[in-house]
Amino acid sequence: MPKTQVKHQHALVRPDEVSRLLKDIQAYQGHFATSAALRISPLVFTRPGDTRQMLWEHIDFDKALWELPTTKNGAPLIVPLSRQAIAILEEVEPVTKHRSPYVFPNARDAKRPMSNVAIKAALDRMGYGGKMTAHGFRAMARTLLQEELKYPVHLIEMQLAHRVADMHGRAYNRTEFLEDRREMMQAWANYLEKLKTARD
């Protein structure tokens, strides 16, 4: 049997490339929900389906947490929200919360989430076709959190909602290392802010 070919998603992982991307995202003038989803994607680096289907009922502004009951691997996930992520959600809340259960509703039908091609289409329009995808924000975070910010792999993998086991083979639960992950997510957001505001 021939080996299955693994197709890796396009992603930018060099700081200078990420800096340019973040500046382009900030300047993007597309649909409001798409623009907001683009801006929050690098901050939370969840799977694109989870990002576009984000529900207001799962956001806790007081605790600065996004609690997903289940992800692609069937397990729940807690996403600590940085100050920058909260600021985006506070900007979106008065626009979409009164008309949709979704943070980023579909442009044509607010009862449905944003289209699964909206972020990719926006990236393509910005000139990143073949260079960056919605899923690429995960590879970006995975690479730079380890190589530039020196965070331990198990924390990054937990935040990516990958199954991570301890030295005894037991899977960590969703609440473990939460404060460590909260600190990591804020440091990541600060790092992205620094890249976004850096001079070319």
Side-chain angles (χ1 to χ4, degrees), residues 7-12 21-22 24-142 158-163 174 181 185 188-189 192 196:
K7 183 179 179 182
H8 293 284
Q9 299 284 348
H10 297 295
L12 301 178
L21 172 65
L22 295 173
D24 289 342
I25 287 174
Q26 191 66 31
Y28 181 68
Q29 297 291 316
H31 185 267
F32 175 80
T34 304
S35 175
L38 262 175
R39 286 186 288 128
I40 208 169
S41 289
L43 295 171
V44 295
F45 54 87
T46 44
R47 293 182 176 92
D50 291 326
T51 305
R52 70 183 186 84
Q53 295 180 85
M54 185 187 295
L55 292 166
W56 284 115
E57 65 180 281
H58 295 157
I59 304 295
D60 188 326
F61 281 98
D62 293 331
K63 295 180 180 179
L65 294 174
W66 170 24
E67 299 195 46
L68 291 82
T70 185
T71 61
K72 185 178 180 181
N73 67 12
L77 174 67
I78 295 178
V79 181
L81 297 168
S82 63
R83 292 188 300 274
Q84 291 87 338
I86 287 290
I88 294 169
L89 292 172
E90 288 177 340
E91 178 186 338
V92 174
E93 186 180 25
V95 180
T96 72
K97 191 174 183 180
H98 69 282
R99 63 188 181 91
S100 177
Y102 295 102
V103 176
F104 308 115
N106 189 283
R108 296 185 179 87
D109 181 0
K111 294 179 180 179
R112 295 190 294 125
M114 185 173 63
S115 164
N116 62 355
V117 298
I119 290 181
K120 181 186 182 303
L123 289 168
D124 288 351
R125 283 194 292 272
M126 291 159 54
Y128 289 95
K131 301 176 185 176
M132 185 66 182
T133 64
H135 202 275
F137 291 112
R138 292 169 62 75
M140 174 195 296
R142 173 67 175 80
M158 286 178 70
Q159 200 54 60
L160 286 164
H162 291 161
R163 291 193 180 278
R174 67 176 182 157
R181 288 188 285 131
M185 296 297 275
W188 172 242
L192 293 182
K196 186 175 69 175

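Position 1 is the first residue of the sequence; numbering continues from there. Excluded from the calculations below are hydrogen atoms, water molecules and symmetry mates; all remaining heavy atoms, backbone and side chain alike, are included.
Considering all non-hydrogen atoms of both residues, Ala110 and Tyr102 come closest at O-CD1, 4.2 Å. Taking all atoms of both residues into account, the shortest heavy-atom contact from Pro113 to Arg52 is CB-O, 3.4 Å. Across every non-hydrogen atom of Ile88 and Ala36, the tightest pair is CG2-O, 3.9 Å. Of all heavy-atom pairs between Thr71 and Ala161, the closest is OG1-CB, 4.1 Å. Closest non-hydrogen pair, Leu89 versus Met54, comes out as CD2-SD, 3.9 Å. Of all the heavy atoms in Pro80 and Gln159, the pair that sits closest is CD-OE1, 3.5 Å.
Taking CD1 of Ile86 as the reference point, atom CG of Leu81 lies at 4.5 Å (rounded to 0.5 Å). The line from CG of Asp124 to CD1 of Ile119 is 12.0 Å long, rounded to the nearest 0.5 Å. To the nearest 0.5 Å, the span separating CG on Leu77 from CH2 on Trp66 amounts to 7.5 Å. Between the OG atom in Ser100 and the CG atom in Leu55 there is a gap of 8.0 Å [rounded to 0.5 Å]. The distance from the CG atom of Asn106 to the CZ atom of Arg112 is 4.0 Å, given to the nearest 0.5 Å.
No side-chain donor-acceptor contact under 3.5 Å links Thr96 to the backbone of Phe104. In this structure, the side chain of Thr133 engages the main chain of His10 through a donor-acceptor pair within 3.5 Å. Between the side chain of Arg99 and the main chain of Pro105, no donor-acceptor pair closer than 3.5 Å is present.
Side-chain contact between Thr51 and Phe137 is absent, with no heavy-atom pair separated by less than 4.5 Å.
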Q | Working for side-chain contact (heavy atoms from CB on, under 4.5 Å), residues Leu123 and Leu38 | A | CA-CA 9 Å; Leu123 289 168; Leu38 262 175; 4.0 Å; yes
Q | From CA spacing to verdict: side-chain contact (heavy atoms from CB on, under 4.5 Å), Ile40, Gln84 | A | CA-CA 8 Å; Ile40 208 169; Gln84 291 87 338; over 6 Å; no
Q: Take Ile25 and Met126 through the side-chain contact (heavy atoms from CB on, under 4.5 Å) test and state the conclusion after the steps.
A: CA-CA 8 Å; Ile25 287 174; Met126 291 159 54; 3.7 Å; yes
Q. Run the side-chain contact (heavy atoms from CB on, under 4.5 Å) check on Arg142 and His162 step by step: do they pass?
A. CA-CA 11 Å; Arg142 173 67 175 80; His162 291 161; 5.9 Å; no
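Note on ring orientation: taking the six-membered ring where Trp is involved, the planes of Phe61 and Trp56 are parallel (angle under 30°, cut-offs 30° and 60°).
Surrounding CZ of Arg108 are at most 12 heavy atoms belonging to other residues, nucleotides or ligands under 6.0 Å away.
Side chains of Arg125 and Tyr28: a donor-acceptor N/O pair is present below 3.5 angstrom, by distance only.
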